[in-house]
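See below for the structure under consideration.
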Amino acid sequence: MQATFIRETSDGRKIEVIGPYICVDRDPVADQIVEVGSHPNKEAILRALPNAAFMAGPIVLTVEEASLVRGAFAMATEAETDKAAIEKRFRDAYNSRARAAGIE
């Protein structure tokens, strides 16, 4: 699996994206990133680190680092080629959007 280097922590550990996981010293800590604005502890996070934009488990990411993570996640996923699977993804997205709009 390809490892994408994101940054090094203050204590010298590497933060990387390996396959579908964000890892610290090659140990997986998260499989997705969350925007700080929707995080339950956003006030505490922004008080401690004002430039924080995203969280990946316990890891704080800036906008640039989150962009690198998203790119690495996109490279790690295989392109969808099965017609039925593609149609299912579109159908699920349409239904999810309709539910969010209040249409049942």
Side-chain angles (χ1 to χ4, degrees):
M1 274 190 246
Q2 180 180 352
T4 303
F5 179 77
I6 304 301
R7 70 176 159 100
E8 204 169 279
T9 62
S10 59
D11 60 352
R13 296 179 293 165
K14 288 184 181 179
I15 297 175
E16 300 173 307
V17 176
I18 302 172
Y21 300 105
I22 300 167
C23 303
V24 176
D25 273 347
R26 303 191 74 76
D27 293 326
V29 294
D31 62 352
Q32 65 181 355
I33 59 175
V34 177
E35 196 171 348
V36 170
S38 63
H39 197 279
N41 293 326
K42 91 176 169 184
E43 289 88 16
I45 294 167
L46 291 175
R47 231 180 291 122
L49 298 160
N51 67 340
F54 293 89
M55 296 292 294
I59 302 169
V60 177
L61 300 170
T62 63
V63 174
E64 296 82 14
E65 293 166 346
S67 179
L68 288 172
V69 169
R70 283 193 199 114
F73 280 164
M75 287 176 31
T77 58
E78 294 182 18
E80 194 72 59
T81 57
D82 181 31
K83 186 176 178 179
I86 293 170
E87 288 176 5
K88 182 183 181 323
R89 284 186 67 184
F90 276 120
R91 195 170 44 254
D92 291 345
Y94 177 80
N95 291 336
S96 173
R97 189 171 170 189
R99 276 192 301 278
I103 302 168
E104 291 294 324

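Here, residue 1 is the first one in the sequence, and each next residue gets the next number.
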Would you find more than 12 non-hydrogen atoms of other residues, nucleotides or ligands less than 6.0 Å from Arg26 atom CZ? no

Taking a hydrophobic cluster as the set of Ile, Leu, Val, Met, Phe, Trp and Tyr residues connected by side-chain heavy atoms closer than 4.5 Å, whether directly or through intermediates, do Phe54 and Val24 fall within one such cluster? yes

Working to the nearest 0.5 Å, report the span between CG of Leu61 and CE of Met55. 8.0 Å

Listed by chain and number, what are the side chain to side chain donor-acceptor pair (under 3.5 Å) partners of Asp11, not counting sequence neighbours? Thr9, Arg13

Could you tell me which non-hydrogen atom of Leu49 sits nearest to which non-hydrogen atom of Val60, and how far apart they are? CD1-CG2, 3.6 Å

Audit row: Glu64, Leu68, side chain to side chain contact (heavy atoms under 4.5 Å, CB included) steps and yes/no: CA-CA 6 Å; Glu64 296 82 14; Leu68 288 172; 6.0 Å; no

What one should report as the nearest heavy-atom pair of Ala76 and Pro20 is CB-N, 4.3 Å

Would the number of heavy atoms belonging to other residues, nucleotides or ligands and lying under 6.0 Å from OH of Tyr21 be above 12? no

Do you know which two heavy atoms are closest between Ala56 and Val29, and how far apart they sit? O-CG2, 4.4 Å

Euclidean distance, Arg91 CZ relative to Tyr94 OH, rounded to 0.5 Å: 12.5 Å

Walk me through whether Ile59 and Arg7 qualify under side chain to side chain contact (heavy atoms under 4.5 Å, CB included). CA-CA 11 Å; Ile59 302 169; Arg7 70 176 159 100; 3.6 Å; yes

Working to the nearest 0.5 angstrom, can you tell me the gap between Asp27 CG and Glu16 CD? 10.5 Å

Minimum-distance pair of heavy atoms, taken over all atoms of Ile18 and Ala3: CG1-CB, 3.8 Å

Show your reasoning for whether side chain to side chain contact (heavy atoms under 4.5 Å, CB included) applies to Phe73 and Ile22. CA-CA 9 Å; Phe73 280 164; Ile22 300 167; 3.7 Å; yes

Kindly state each residue pair satisfying salt bridge (Lys or Arg N to Asp or Glu O under 4.0 Å) with at least one member in residues 33-55, sequence neighbours excluded. none

Starting at CD1 of Ile33, measure out to CD of Glu65 and round the result to the nearest 0.5 Å. 10.5 Å

Out of curiosity, Ile15 CD1 to Thr4 OG1, how far, rounded to the nearest 0.5 Å? 13.5 Å

